[in-house]
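Single-structure report; data block below.
Along the sequence shown, residues carry numbers from 1.
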Amino acid sequence: LHRRGAGSGALRPCQDRLRKEQFARSVGAAGESHMAGGVFSQIRALFDGDPGVRLVADDPVLSAELLLLFRMILADGEASELEMDVFGRICRESFGIPDDSIEAVVAYLSEVGYETTGSQAIAVFQDLDIERRRSLARHMAEIAKADHSLAEREMRLLRRSLELLNLKPEDAVGPEA
């Protein structure tokens, strides 16, 4: 269920292609219309040698989820070691990103993340099946509670994300949390 293309929650090829195109447009990567050479393409090329970055860069849904998780890490104003540990575990266990790629993935997300709003990243998930949306919500909740304290900004981000994903608070807890 967690690895892209695996399990009953796998995306149908047509939906996946459409989401990739929508996400690419939202971050300015579709064509060369935004800037000569395409900033997104240039950044991707910088990190292209890393297998974890390639995995993230080639999958708009994964990119969107990791951007949302990274925003949750930063919601309280600091990236705690505990939150980063949970982020690394999620990357490894749910998406198959190697441990030695995590730093490069974070650097990649830092470079491309400024071009994507949280609403744009959430929009990628709005039409996905309920289990995939719940998985995102559970991952966000895991990060929020990783440092054993829920800051008001973390709660607001999670609450707003659940609302946009058409989920209930109980969807953010479950077998994965």
What are the two closest heavy atoms between [X] and [Y], and how far apart are they?
| X | Y | result |
| --- | --- | --- |
| P60 | V124 | O-CG1, 4.4 Å |
| E83 | E78 | OE1-O, 3.3 Å |
| A141 | A172 | CB-O, 3.6 Å |
| L68 | A121 | CG-CB, 3.8 Å |
| C91 | L66 | SG-CD2, 3.8 Å |
| D147 | S149 | OD1-O, 2.8 Å |

Between [atom1] on residue [X] and [atom2] on residue [Y], distance to nearest 0.5 Å:
| X | Y | atom1 | atom2 | answer |
| --- | --- | --- | --- | --- |
| F87 | I97 | CZ | CD1 | 7.0 Å |
| D171 | L136 | CG | CG | 11.5 Å |
| L165 | I122 | CG | CD1 | 4.0 Å |
| M155 | K145 | CE | NZ | 14.5 Å |
| I90 | E142 | CD1 | CD | 4.5 Å |
| M140 | L167 | CE | CG | 10.5 Å |

*Mind checking whether I130 and L128 sit in one hydrophobic cluster, side chains of I, L, V, M, F, W, Y counted as touching below 4.5 Å?*
yes

_Hydrophobic clusters here meaning ILVMFWY residues chained together by side-chain heavy-atom distances under 4.5 Å, can you tell me if V86 and L74 are in one?_
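Yes, it is one cluster - the side chains of V86 and L74 are joined through contacts under 4.5 Å.
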
Is the number of heavy atoms from other residues, nucleotides or ligands under 6.0 Å of [X] [atom1] greater than 12?
| X | atom1 | answer |
| --- | --- | --- |
| D85 | CG | yes |
| E103 | CD | no |
| E81 | CD | no |

*Does any non-hydrogen side-chain atom of R138 lie less than 4.5 Å from one of V173?*
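V173 vs R138: side chains apart.
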
*Can you find a heavy atom in the side chain of Q126 that is under 4.5 Å from one in the side chain of N166?*
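A side-chain contact is absent here, since even the closest heavy-atom pair is not under 4.5 Å.
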
_With side chain to side chain contact (heavy atoms under 4.5 Å, CB included) as the test, pick out the partner of S135 among R133, R132, E131._
R132

*Could you please spell out the steps behind the side chain to side chain contact (heavy atoms under 4.5 Å, CB included) verdict for L158 and M72?*
CA-CA 8 Å; L158 186 56; M72 181 58 79; 3.9 Å; yes

*Test side chain to side chain contact (heavy atoms under 4.5 Å, CB included) on K168 and L162 and set out the steps.*
CA-CA 6 Å; K168 299 173 188 156; L162 290 172; over 6 Å; no

*asked:* Quick one, S161 with F125, criterion side chain to side chain contact (heavy atoms under 4.5 Å, CB included). Give me CA distance, side-chain angles, the key distance, then yes/no.
replied: CA-CA 10 Å; S161 297; F125 286 86; over 6 Å; no

*Steps toward side chain to side chain contact (heavy atoms under 4.5 Å, CB included) verdict (H139, F95)*: CA-CA 12 Å; H139 288 154; F95 305 114; 4.1 Å; yes

_I'd like to know if the side chain of E154 reaches the main chain of A151, judged simply by a donor and an acceptor atom lying under 3.5 Å from each other, with no hydrogens or angles considered._
yes

